[in-house]
Amino acid sequence: MLFPIFGAHMSGVEFQYPDQNWKEPCGLMAKLVAESGGNKVQLTNLVEALCHAFRAHDEMELQKLVEWQRQIKSKSANKEKPPRGEVSLPSG
């Protein structure tokens with residue numbers, strides 16, 4: 001459970017695997033997650049602490065989107081509307 005979260009904090013990192021190839025960890029992280037009965041709940045507080053920066057970023061991006069929506073709704077149909085700003089939120 002922790003390895004995918006640590007992987008999300010890494011950028012441009014490669015590891016050497018036993019076959020002597022260097023690979024990025026992103027696709028392999030999912031294989032390290034335990035099954036539903038793997039006592040992952042014990043790590044909840046640690047995971048929340050590690051994800052704090054992600055949640056703060058998402059909250060700021062959501063506020064940008066909400067502000068843009070307010071501006072759009074406050075303009076009448078025949079007025080020029082502001083373009084949607086660049087918003088970076090995770091999908092799903």
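For the single chain, residues carry numbers from 1 onward in sequence order. Just so you know, these numbers come straight off a predicted model, no measurement behind them.
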Report the residues that fulfil side-chain hydrogen bond (donor to acceptor under 3.5 Å, both in side chains) with Asn45, sequence neighbours left out, ordered by chain and then residue number. none
Looking at Glu67 and Arg70, is there a salt bridge between them, counting it only when a charged N and a carboxylate O are closer than 4.0 Å?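 Here Arg70 pairs with Glu67 in a salt bridge, since their nearest N and O are under 4.0 Å apart.
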Mind checking the CD-CG spacing from Glu14 to Asn21? Nearest 0.5 Å is all I need.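 Glu14 atom CD to Asn21 atom CG measures 10.0 Å (nearest 0.5 Å).
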Does either side chain, that of Glu59 or that of Gln63, offer a donor lying less than 3.5 Å from an acceptor on the other one?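 Gln63 and Glu59 do have a side-chain donor-acceptor pair below 3.5 Å.
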Do Leu65 and Glu61 come close enough that some side-chain heavy atom pair is under 4.5 Å?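 When only atoms from C-beta onward are counted, Glu61 and Leu65 do not touch, as no gap falls below 4.5 Å.
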Is Phe54 reachable from Met60 through a run of hydrophobic residues whose side-chain heavy atoms are each under 4.5 Å from the next?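 Hydrophobic grouping puts Met60 apart from Phe54.
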